[in-house]
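Here's the structure we're looking at; comments come further down.
First the proteins, then the strands, lettered A, B, ... as listed; each starts at 1.
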Protein chains: 2
Amino acid sequence: MSAHETLLIGEHRRTLDQRYRLSIPSDLSEQIQTSGPELILAKERPGCLSLWNANPWESHLNRGITWVTDKLKAGKLEQQTNQVLQLGRLLSTRHTPLQLAGRGRLVIPEGFREFLGVEPGGTLFVVGASVSVELWHPERWVEYLNQQMPEFRELFDELSN
Amino acid sequence: MSAHETLLIGEHRRTLDQRYRLSIPSDLSEQIQTSGPELILAKERPGCLSLWNANPWESHLNRGITWVTDKLKAGKLEQQTNQVLQLGRLLSTRHTPLQLAGRGRLVIPEGFREFLGVEPGGTLFVVGASVSVELWHPERWVEYLNQQMPEFRELFDELSN
DNA sequence: TCAAATTGTGGGATAAATACCCACTAAGTT
DNA sequence: AACTTAGTGGGTATTTATCCCACAATTTGA
């Protein structure tokens, strides 16, 4: 591993290959698969995708569902169906189940590519979050860091060239 | 709730062939047929058709009916039997039973084509909506998403912490 | 009423996308 | 130096979306 791949702990630079593939660093790929190989890829914000293990994800989803159903108790019965449909549509645009291929390699599916905004051959950042792994468009990532941790601005400016 | 076996999820772009046919993605077509091959196609809203398994459809429909009878009890439609008949007629043209042909192929019947508003050779989106599969006119779909985004915002946030 | 045109239905063929696999390089370890 | 591990590129097989044609069924029009 070259010294340039890791900037911070849990942050890795990767290039997207011609087939929209990238390799998840082995430590992260192991961590995220500890409770099973089924993963969920989600659109987090433009320029950022997040990767979850399906099981922890389900609990998140359940929280979302209970949140919805709580709101629903106030509503009419026939409205509930609509809410369920809406939730499904939401899940459909923003999430997709997937598994890693051999060598911990991830294929970014159609529909998520434009959202990430990295073209084949381009570089991106893989960042280990607490329970998920995030894929960042490099510029969005620097933006985000500057915004969240302005005190490190100089460091990142230095690193991004 | 085990979300991924139960919920119909996924967003796919498809093109309508010259004879108003399209292929339903295999995972969705399998899932929607688990409780039998009898399906119902319904007009959801202009630019959107929904495809149901006949059994869940029953309950969905029944809710619609209780909605009607509630209105009747409230006296809103009571004296206007004409309107009730009209409503029935409307409902009957609003949905039709059908089955998928080989290769998971769906023929959009006469009467539903204009409602969807996609011409032969045009593209559309196939979207999982938890309990049904929806066919969306592409522009209506992004319109809908943009419209619902603010409402979804809260749920997004709920899902991503 | 019969021919012609239109529409439904199935299936073959092709091209594209994807999954699977192996080989090679670079870096790290003993 | 030999060996292991991580990451990368690419060949190939397989799936599948879609185009296209053949034929059946239905409608149209003279």
Side-chain angles (χ1 to χ4, degrees), chain A residues 1-7 9-34 37-39 41 49 51 96-116 118-128 133 135 138, chain B residues 10-33 37-39 41 49 51 96-116 118-128 133 135-136 138:
Chain A
M1 182 185 295
S2 95
H4 299 90
E5 285 177 12
T6 307
L7 300 182
I9 304 300
E11 177 190 84
H12 303 260
R13 183 197 295 267
R14 283 286 181 278
T15 72
L16 200 60
D17 79 7
Q18 233 55 34
R19 304 176 182 180
Y20 291 94
R21 298 179 298 182
L22 71 114
S23 63
I24 304 298
S26 60
D27 52 335
L28 292 179
S29 118
E30 281 171 26
Q31 273 187 42
I32 205 172
Q33 293 189 92
T34 46
E38 301 85 12
L39 308 179
L41 185 68
L49 303 176
L51 188 65
T96 186
L98 56 79
Q99 298 196 177
L100 296 185
R103 306 272 180 265
R105 193 142 50 168
L106 168 65
V107 184
I108 300 184
E110 182 71 29
F112 290 74
R113 297 167 180 174
E114 317 77 58
F115 192 84
L116 181 59
V118 177
E119 61 292 340
T123 79
L124 55 88
F125 284 100
V126 181
V127 182
V133 172
L135 311 178
Chain B
E11 184 192 40
H12 304 261
R13 140 177 271 163
R14 285 289 119 102
T15 70
L16 205 58
D17 89 354
Q18 233 54 38
R19 308 301 180 94
Y20 291 92
R21 299 180 294 183
L22 69 115
S23 67
I24 304 296
S26 53
D27 54 331
L28 290 179
S29 100
E30 283 169 24
Q31 280 192 55
I32 204 175
Q33 295 188 92
E38 303 85 11
L39 308 179
L41 185 69
L49 303 176
L51 187 64
T96 182
L98 58 78
Q99 297 197 177
L100 295 185
R103 303 174 184 182
R105 194 146 48 169
L106 168 65
V107 184
I108 300 181
E110 182 70 29
F112 291 75
R113 297 167 179 178
E114 319 75 57
F115 194 81
L116 181 59
V118 176
E119 63 291 344
T123 80
L124 54 88
F125 281 98
V126 179
V127 180
V133 172
L135 313 178
W136 283 84

Can you tell me how far the [atom1] atom of [X] sits from the [atom2] atom of [Y], to the nearest 0.5 Å?
| X | Y | atom1 | atom2 | value |
| --- | --- | --- | --- | --- |
| B:L106 | B:I24 | CG | CD1 | 5.0 Å |
| A:R103 | A:R21 | CZ | CZ | 12.0 Å |
| B:E119 | B:Y20 | CD | OH | 8.0 Å |

Side-chain heavy-atom pair [X], [Y] within 4.5 angstrom cut-off:
| X | Y | result |
| --- | --- | --- |
| B:L124 | B:L16 | yes |
| B:L135 | B:I108 | yes |
| B:S29 | B:V133 | no |
| A:L39 | A:L100 | yes |
| B:V126 | B:L22 | yes |

If I take atom [atom1] in residue [X] and atom [atom2] in nucleotide [N], what distance separates them, rounded to the nearest angstrom?
| X | N | atom1 | atom2 | result |
| --- | --- | --- | --- | --- |
| A:L100 | C:dC20 | CG | C1' | 15 Å |
| A:Y20 | D:dG10 | OH | P | 16 Å |
| B:I24 | D:dT16 | CD1 | P | 14 Å |
| B:H12 | C:dA17 | NE2 | P | 16 Å |
| A:L98 | C:dT18 | CG | P | 12 Å |
| B:D27 | D:dT15 | CG | P | 15 Å |

Holding to salt bridge (charged side-chain N to carboxylate O under 4.0 Å, His left out), I want the full list of residues that pass it with A:R113, two or more places apart in sequence or in another chain. A:E110

Nucleotide N/O of nucleotides 18-26 of chain D paired with protein N/O under 3.5 Å:
from	atom 1	to	atom 2	distance (Å)
D:dT18	OP1	B:T15	N	3.3
D:dT18	O5'	B:T15	OG1	3.4
D:dT18	O4	B:R103	NH1	3.2
D:dC20	N4	B:R21	NH2	3.4

To 10°, what angle do the rotation axes through the five end pairs on each side of the helix from C:dT1-D:dA30 to C:dT30-D:dA1 form? 10°

With B:E38 via side-chain contact (heavy atoms from CB on, under 4.5 Å) - residues at least two apart: B:A54, B:Q99

For A:S23, all residues meeting side-chain contact (heavy atoms from CB on, under 4.5 Å), sequence neighbours excluded: A:R14

Give one of base, sugar-phosphate or nothing for B:A101, where a contact means two heavy atoms less than 4.0 Å apart. sugar-phosphate

Could you identify which residues of residues 106-116 of chain B place a heavy atom less than 4.0 Å from some atom of DNA chain C, listed by residue number, or say none? B:R113

